[in-house]
Amino acid sequence: MAPLTRARAGPTHVPNKLMEEYYTQRASAGLIITECSMITPDTSAFYGEPGLYTPEQLAAWKKITDSVHGKGGKIFMQIWHAGRAAHPDHNNGAPTVAPSALKIEGTVHTKNGKVENALPRELDVSEIPKIVEIFAVAAKNAVTVAGFDGVEVHAANGYLIDQFLRDGSNKRTDKYGGSLENRSRFLDEVLTAVVAQIGADKVGVRFSPLNSYNSMVDSNPVALSEQVAKVAQKHNLAYVHVMRGDFFGVQKADVVPIFRKNFKNILIANMGYTKDEANEIIAAGQADAVTFGNAFLANPDLPTRFEKNAELNKPDPATYYSGEEKGYTDYPFLA
């Protein structure tokens, strides 16, 4: 099951009973990867996403992992820093940060209505080690306190690590900018620190080299794909989770084979696959697994439906971020 932000935790960012029910309903997924979760305060991009930086949050997640494990499931926590995608309106006025002082184009919905995306402050090189440490602490707490089976480092979709990776958002001239090696340095440091805390067998990473969501672009996504796949392989990670396309269809390339060539452990493909297409690429050795997002939202028993070739419920986009039970835990199971 792919990570799906559904903003049900509310402004306290504490997971709740509704989220416990949601994840437990989907315990048959084989592996659940949670929605992105804040590793530190004042980095909210969605207002109601969960966190894992307070004892209360970690205790609430432990109830969820216990419930999923009780149903025989496995669950990884997606650890995440929003970078420039956060907004002061969500974070008590706290400024946003990024590799470079470049803001996301357009507007964002906040508790104050539709507002312009914020201009981030460029991180000083001296601040970066602290953020690396925060990722490591979050990973350790996710596994040892909250009971997760592992973590997925979110390096996709225009959030902080991805902002460092792509040259459209990273204009630095120090050791974190310019060349592919420099732009992937922050990723490398985060993975080094996370692996040191919990072991490589409990760490995955997610990439989206083509996705233009959050005003993201790279001049050479093929070369970037090769670079980050090699970084992941250097750390012998449990898996790489790659989005094969662009939400908006702007940037195009066939990146999954690049990851297959340069990463030898478990490769998970994602984005718009049908059941038949997923089975085909797995049978052909092009990927080892495929994640499903919206299909799993609308069909908590998706593996059973696939097995029986049953009709699928259709997701309701109007309820994706409603904060309520409707469109979250009320999708029907097969009779």
Side-chain angles (χ1 to χ4, degrees), residues 2-16 19 33-54 57 61 77-123 127 131 134-135 138 142 151-166 168-170 186-187 190 205-208 211-217 241 243 246-248 293 297 317 319-323 328:
L4 292 164
T5 295
R6 289 297 173 258
R8 257 58 177 193
T12 65
H13 308 293
V14 177
N16 50 42
M19 291 172 59
I33 305 166
T34 72
E35 63 212 281
C36 59
S37 298
M38 299 162 57
I39 60 173
T40 191
D42 296 333
T43 56
S44 172
F46 299 100
Y47 185 65
E49 71 272 53
L52 71 157
Y53 51 84
T54 71
Q57 291 165 346
W61 275 121
M77 160 64 71
Q78 190 184 66
I79 55 176
W80 167 76
H81 191 302
R84 70 177 186 175
H87 197 281
D89 283 7
H90 294 322
N91 297 295
N92 302 308
T96 59
V97 297
S100 299
L102 300 168
K103 73 176 184 176
I104 298 170
E105 298 170 4
T107 58
V108 61
H109 288 277
T110 74
K111 61 183 179 180
N112 297 321
K114 185 181 286 189
V115 298
E116 287 287 323
N117 279 293
L119 180 67
R121 175 180 63 78
E122 180 174 316
L123 283 165
E127 298 176 278
I131 299 176
I134 290 170
F135 269 101
V151 302
E152 177 177 282
V153 175
H154 197 345
N157 293 345
Y159 301 113
L160 186 61
I161 297 176
D162 196 24
Q163 291 160 25
F164 272 90
L165 291 175
R166 294 203 250 180
S169 51
N170 183 346
F186 179 53
L187 167 70
V190 168
V205 63
R206 180 166 164 94
F207 297 117
S208 62
N211 198 7
S212 56
Y213 178 69
N214 279 330
S215 300
M216 295 300 291
V217 65
H241 187 190
M243 293 176 62
D246 179 359
F247 285 160
F248 305 104
L297 170 68
T319 61
Y320 281 178
Y321 306 103
S322 69
Y328 189 60

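All residue numbers in this chain count up from 1 along the given sequence.
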Atom pairs and distances, side-chain donor-acceptor, residues 92-100, under 3.5 Å, sequence neighbours left out:
unit_1 : atom_1 : unit_2 : atom_2 : d
Ser100 : OG     : Lys171 : N      : 2.8

Quick one: pull up [atom1] in [X] and [atom2] in [Y] and give me the separation to the nearest 0.5 Å.
X: Thr40; Y: Ile134; atom1: OG1; atom2: CD1; value: 4.0 Å
X: Glu122; Y: Asn170; atom1: CD; atom2: CG; value: 8.5 Å
X: Leu4; Y: Gln78; atom1: CG; atom2: CD; value: 9.5 Å
X: His241; Y: Ser208; atom1: NE2; atom2: OG; value: 10.5 Å

Given the options His87, Glu49, His90, Ser44 meets side-chain hydrogen bond (donor to acceptor under 3.5 Å, both in side chains) only with Glu49
Testing the basics here: between [X] and [Y], what is the closest heavy-atom pair and its distance to 0.1 Å?
X: Ile39; Y: His81; result: CD1-CB, 4.3 Å
X: Ile131; Y: Phe186; result: CG2-CZ, 3.8 Å
X: Met77; Y: Leu52; result: CG-CD1, 4.0 Å
X: Gln163; Y: Ser169; result: O-OG, 2.8 Å
X: Leu102; Y: Arg84; result: O-NH1, 2.9 Å
X: Lys111; Y: Tyr47; result: CD-CE1, 4.2 Å

Pairwise side-chain contact, [X] with [Y], heavy-atom cut-off 4.5 Å (strictly under):
X: Leu160; Y: Leu123; value: yes
X: Arg121; Y: Glu127; value: yes
X: Thr319; Y: Tyr328; value: no
X: Thr107; Y: Val115; value: no
X: Ile33; Y: Arg206; value: no
X: Val151; Y: Phe135; value: no
X: Val205; Y: Leu187; value: yes
X: Thr5; Y: Tyr321; value: yes

Could you check whether any side-chain N or O of [X] sits under 3.5 Å from a backbone N or O of [Y], counting only pairs where one atom can act as donor and the other as acceptor?
X: Thr43; Y: Met38; result: no
X: Ser212; Y: Val217; result: no
X: Gln57; Y: His13; result: yes

Sequence neighbours excluded, the answer for ring-ring contact (aromatic ring centres under 6.0 Å, His included) partners of Tyr159 is Trp80, His154
Taking only residues two or more places apart in sequence or in another chain, which ones pass ring-ring contact (aromatic ring centres under 6.0 Å, His included) with Tyr213?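 Listed in chain order: Phe247.
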Which of Asn211, Asp246, Asp162 passes side-chain contact (heavy atoms from CB on, under 4.5 Å) with Met216? Answer is Asp162
Quiz item: Using 4.0 Å as the upper bound for N to carboxylate O, is an ion pair formed by Glu35 and Arg8?
Solution: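 Looking at Arg8 and Glu35, the cut-off is not met.
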Mind running side-chain contact (heavy atoms from CB on, under 4.5 Å) on Tyr320 and Arg6 for me, showing each step along the way?
-> CA-CA 6 Å; Tyr320 281 178; Arg6 289 297 173 258; 3.8 Å; yes
